[in-house]
2 protein chains.
Amino acid sequence: MKLKEFAKQLGLSPTTVSRALSGYPEVSEVTRARVAEEAVRLGYRPNVNAVRLKTGRAGAIGVVMGRAGEFHFAEFMAGMAERLVTEDTDILVIPMADPDHNDEMQLYRRLVESQRVDAIIVHSPRPNDERIALLHKLGMPFLVHGRSDIDVPHAWLDIDNEGAVRRATSHLIDLGHRRIAMINGRQGATYALHRDNGYRRALQSHGIEPDPQLIANGNFTDELGFRFARSFLEQPNPPTAFVAGSMMTALGVYRAVRSLGLQVGRDVSLIAHDDVFPYLTADNMVPSLSATRSSMRAAGTRCADLVLQLISGRSPLEIHELWPVELILRESTGPVRQPQI
Amino acid sequence: MKLKEFAKQLGLSPTTVSRALSGYPEVSEVTRARVAEEAVRLGYRPNVNAVRLKTGRAGAIGVVMGRAGEFHFAEFMAGMAERLVTEDTDILVIPMADPDHNDEMQLYRRLVESQRVDAIIVHSPRPNDERIALLHKLGMPFLVHGRSDIDVPHAWLDIDNEGAVRRATSHLIDLGHRRIAMINGRQGATYALHRDNGYRRALQSHGIEPDPQLIANGNFTDELGFRFARSFLEQPNPPTAFVAGSMMTALGVYRAVRSLGLQVGRDVSLIAHDDVFPYLTADNMVPSLSATRSSMRAAGTRCADLVLQLISGRSPLEIHELWPVELILRESTGPVRQPQI
DNA sequence: TTTCGCAACCAAACCGTTTTCAATTTTAGA
DNA sequence: TCTAAAATTGAAAACGGTTTGGTTGCGAAA
């Protein structure tokens with residue numbers, strides 16, 4: 001059913017019908033109601049592609065997806081979906097070929113030019129992220145999930161990574177730990193930097209010098225969690241506590257600790273960051289995992305919300321949200337054990 | 001840069017330019033080369049929305065996303081992305097409000113009518129899945145990831161769930177196990193049914209009567225893995241082996257077994273299904289996990305490929321792929337222990 | 001030479017909306 | 001009652017491409 005045909009059935013012009021459905025004021029309430037009603041009855045729905053061509057709006061939010069299968073991704077998307085379900089906006093997932101730099105910029109450039117999306121969400125920004133500069137230059141609305149230090153105005157939503165890790169680390173220090181290892185995310189992303197800062201500040205404010213031998217960076221995998229933890233624990237002067245970047249990393253740390261005949265929460269303390277997954281909960285781990293917690297799903301929902309505001313004209317300058325992170329103490333943290341004499 | 005302008009710069013008509021770029025034969029090679037070259041140089045790219053309006057193609061594949069944050073999802077998408085990155089097709093994620101039945105059908109109907117996608121991928125089909133009937137009726141190309149018994153022709157790609165679980169169960173029986181528990185996925189989906197069949201057939205072909213007390217269904221979460229395993233093991237006549245539906249479930253089972261002072265691989269055997277995640281590998285678990293394995297990512301890639309074929313006209317009737325599943329034996333399986341006398 | 005076929009190109013119609021500008025009808029004010 | 005202003009409605013021009021149905025020019029066949 002096309003507009004023309006539909007309008008004819010109603011005895012109205014396409015103009016009026018279009019306006020009635022789009023909520024323009026210059027159409028009488030009576031007419032509007034009738035049009036809306038008949039549209040449902042006859043099943044008329046405007047052709048999206050025609051609307052998009054004419055209006056220039058794409059009706060979609062772009063999310064560029066890296067190749068690393070990040071488990072956060074699904075949660076974030078589910079959160080976005082939750083918000084967008086009532087909206088007439090969908091999510092366009094754009095595959096990224098290689099993390100090769102040039103390619104990536106090219107991808108964003110094309111995405112913008114192609115006019116397939118009204119806005120873009122940028123993930124895992126770097127301190128000086130060229131994607132941000134590019135999108136700003138091209139005038140494409142975008143929201144950064146995370147933050148960047150770049151000298152370009154941008155809307156962002158981030159969690160307080162630094163504060164979270166600082167508190168986590170401080171807490172471990174308060175428990176008497178002095179050798180605290182840090183298993184961080186991949187180097188380069190701002191959040192990893194912030195977490196590193198939080199870690200260092202906590203140590204330094206207690207007069208402890210960070211030991212580079214106790215700091216590691218890498219993907220959030222069980223495997224790396226294990227490897228790093230294991231190699232740290234096998235050092236001559238092993239750590240008594242760990243701060244870990246993700247639930248998967250935590251799993252690896254648990255394994256490593258166990259594999260050495262030690263016990264998490266007694267011999268080694270651990271605090272990890274928990275993005276709140278329905279399928280793996282910190283509280284259920286044995287011993288239950290002390291965690292800095294912030295819902296990835298909620299972030300997705302809010303990001304979708306903010307992007308919608310961005311699209312409808314709100315200034316990026318007004319959109320800066322820093323979410324506090326909970327620190328939830330459970331059994332994986334405990335006072336440092338006196339070295340056996 | 002619009003087509004008209006671009007054509008003028010080249011001293012050609014829009015017609016010829018359009019044809020040159022779209023690879024039509026009635027344009028000389030010389031011209032085609034020149035057009036292609038200049039397009040790059042001047043940065044001309046056809047407006048997607050205009051192309052879509054005119055051709056009726058949407059340039060996107062639809063994936064409906066449930067609210068349950070499934071960790072498989074990201075892997076599957078990453079796989080799709082891998083295939084689509086070279087193509088001019090993207091992935092449209094459509095949020096699903098409630099798993100409420102009517103709503104879901106309504107969603108699919110609208111999705112089709114809106115012409116935002118050229119094809120749809122249907123996940124976790126049920127034996128008699130109305131979505132399939134609907135899409136078939138509406139003439140929308142679609143690929144089912146999984147299978148359905150419904151009496152409607154449909155393209156599908158599935159893994160041999162039944163065979164996988166049958167072999168896994170048989171292997172456990174060969175190891176001497178007789179009380180084998182089954183922690184399956186949510187009731188309703190075909191794959192859960194197939195796995196159940198595989199489980200029952202294996203038992204029955206060895207003359208073992210399935211015990212409903214040892215069969216559970218539910219989401220693939222660590223929590224449910226733990227609960228089910230624990231409650232099974234606390235029964236008067238506990239199982240000596242488990243077949244579990246996912247890696248997360250397996251984590252829960254490990255926990256449950258440990259919590260009772262038992263040991264996986266010695267006191268209790270376990271085989272779980274592994275979708276192959278970069279962040280959690282069966283081989284790294286302690287003891288390493290015996291698993292039926294099939295790459296979710298590879299499935300995503302192939303599904304994308306098949307959908308593209310579907311879009312370009314291949315008959316759904318020809319597209320039926322049943323992937324074999326590997327059975328990889330590691331340390332979590334062992335001979336049944338004689339009951340302590 | 002004329003005719004035909006073919007390669008290469010082009011003008012204009014069309015895809016299904018939105019929106020500008022203009023026309024018509026109502027309403028309100030005098 | 002008349003008129004100006006306000007409230008509705010419509011006709012037609014975009015939006016930026018693709019594609020149909022030609023036209024043109026040239027060499028080969030008749």
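Letters A, B, ... mirror the listed sequences (proteins, then strands); counts begin at 1. All of these numbers come straight from a predicted model, not from anything done at the bench.
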Exercise. Where the side chain of A/Ala50 is concerned, which of D/dG17, C/dT17, C/dA11 is the nearest nucleotide?
Worked result: C/dT17
Exercise. When the aromatic ring centroids of B/Phe277 and B/Phe71 are compared, is their separation below 6.0 Å?
Worked result: yes
Exercise. Taking 4.0 angstrom as the limit, do A/Glu29 and A/Arg32 come out as a salt bridge?
Worked result: yes
For this session: Return yes if the base of D/dT19 and the side-chain atoms of B/Ser18 contain a donor-acceptor N/O pair under 3.5 Å, otherwise no.
Result: no
Exercise. Which nucleotide in the list D/dG17, D/dA11, C/dC9 gets nearest to the side chain of B/Pro46?
Worked result: D/dG17
Exercise. Which residue, A/Pro14 or A/Glu29, contacts DNA chain D at a nucleotide closer to its 5' end, judged by nearest heavy atom?
Worked result: A/Glu29
Problem set entry | Validation row: A/Tyr44, A/Leu21 side chains within 4.5 angstrom (heavy atoms) | yes
For this session: Please determine, for the side chain of A/Thr55, which listed nucleotide (D/dT19, C/dC15, C/dT18) has the closest atom?
Result: C/dT18
Exercise. Which part of the nucleic acid, if any, lies within reach of B/Ser28 when heavy atoms closer than 4.0 Å are counted: base, sugar-phosphate only, or nothing?
Worked result: sugar-phosphate
Exercise. Starting at the 5' end of DNA chain D and moving along, which residue's nearest nucleotide shows up first, B/Glu26 or B/Val51?
Worked result: B/Val51
Exercise. Given C/dT18, D/dT8, D/dG17, which nucleotide is nearest the side-chain atoms of A/Leu3?
Worked result: C/dT18
For this session: Please work out if A/Tyr44 contacts a base, only the sugar-phosphate, or nothing of the nucleic acid, heavy-atom cut-off 4.0 Å.
Result: sugar-phosphate
Exercise. Is B/Glu38 salt-bridged to B/Arg41, going by a charged N under 4.0 Å from an acidic O?
Worked result: yes
For this session: Report which part of the nucleic acid B/Arg19 touches: base, sugar-phosphate, or nothing (heavy-atom distance under 4.0 Å, all strands).
Result: base
Exercise. Below 3.5 Å, does any donor atom in the side chain of B/Thr31 face an acceptor in the base of C/dA8, or the other way round?
Worked result: no
